[in-house]
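Here the structure is a predicted model, which is why all the values come from computation and not from measurement.
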Amino acid sequence: QVQLVESGGGLVQAGGSLRLSCAASGRTFSRYVMGWFRQAPGKEREFVAAASWSGTSTSYADSVKGRFTISRDNAKNTVYLQMNSLKPEDTAVYYCAASTEWNILATSYDYWGQGTQVAVSS
């Protein structure tokens, strides 16, 4: 129904930047809320950011406000996460996900990508 593939992860130094991309395929991509989540080893998956279908409404975790920006290009079926001023605490596997409703809970998202690793060195 909806397939998501993340890319853009890698190893960066603290203070650096990365832009993650999530390419989507399947029906009615533009009508899904798109979110980014992350999971560090031994920890639960946590919400990072979300964007409404139009991209005009966004939500961010307090830990990334002012540093990360979520955006989407429905014409390209792609959602992005621009990450600036990266910290070692941002190290995690990052997942994009699609939901049929506005929510920041991981359980509300129906489709998930495979994840992309982000590692930030001190």
Can you pull out every disulfide (SG to SG under 2.5 Å) where at least one residue sits in residues 42-87? Sequence neighbours excluded, please. none

Tell me the disulfide (SG to SG under 2.5 Å) pairs involving residues 87-122, sequence neighbours left out? Cys22-Cys96

Do [X] and [Y] have side chains that approach each other closer than 4.5 Å (heavy atoms only, starting at C-beta)?
| X | Y | answer |
| --- | --- | --- |
| Val33 | Asn103 | no |
| Leu20 | Gln82 | no |
| Tyr95 | Val48 | no |
| Trp36 | Ile70 | yes |

Which residue pairs pass the side-chain hydrogen bond (donor to acceptor under 3.5 Å, both in side chains) test with at least one member in residues 12-23, sequence neighbours excluded? Ser17-Asn84

Which residue pairs satisfy the side-chain hydrogen bond (donor to acceptor under 3.5 Å, both in side chains) criterion with at least one member in residues 112-122, sequence neighbours excluded? Glu6-Gln114

Using atom types as modelled and distance alone, determine if a side-chain donor or acceptor of Arg45 lies under 3.5 Å from a backbone N or O of Gln39. no

Can Asp62 and Lys65 be counted as an ion pair, charged N to O under 4.0 angstrom? yes

Can you tell me how far the OH atom of Tyr94 sits from the CE atom of Met83, to the nearest 0.5 Å? 5.5 Å

Apply side-chain contact (heavy atoms from CB on, under 4.5 Å) to [X] and list each qualifying residue two or more places apart in sequence or on a separate chain.
| X | result |
| --- | --- |
| Ser57 | Ser52 |
| Ser71 | Tyr80 |
| Ala23 | none |
| Lys43 | Ala40 |

After noting the C-alpha distance and the side-chain angles of Thr100 and Asp110, does the key distance pass the side-chain contact (heavy atoms from CB on, under 4.5 Å) rule? CA-CA 8 Å; Thr100 56; Asp110 302 301; 3.6 Å; yes

Verdict with reasoning, Ile104 to Tyr109, per side-chain contact (heavy atoms from CB on, under 4.5 Å): CA-CA 9 Å; Ile104 64 171; Tyr109 285 75; 5.7 Å; no

[X] versus [Y], closest heavy-atom pair with distance:
| X | Y | result |
| --- | --- | --- |
| Leu4 | Ala24 | CD2-CB, 3.5 Å |
| Phe68 | Tyr60 | O-CE2, 3.3 Å |
| Ser85 | Asp90 | O-OD2, 4.5 Å |
| Thr91 | Val120 | OG1-N, 2.9 Å |
| Ser59 | Trp102 | CB-CZ2, 3.7 Å |
| Lys76 | Thr78 | O-OG1, 2.9 Å |

The criterion is ring pair (Phe, Tyr, Trp, His ring centres under 6.0 Å); which residues satisfy it with Phe47, sequence neighbours excluded? Phe37

Please name all residues satisfying side chain to side chain donor-acceptor pair (under 3.5 Å) with Ser7, sequence neighbours left out, ordered by chain then number. none

The criterion is side chain to side chain donor-acceptor pair (under 3.5 Å); which residues satisfy it with Asn74, sequence neighbours excluded? Arg72

If you apply the rule side-chain contact (heavy atoms from CB on, under 4.5 Å), what do you find for Thr69 with Leu81, and how did you get there? CA-CA 6 Å; Thr69 303; Leu81 184 68; over 6 Å; no

For Glu46, all residues meeting salt bridge (Lys or Arg N to Asp or Glu O under 4.0 Å), sequence neighbours excluded: Arg38

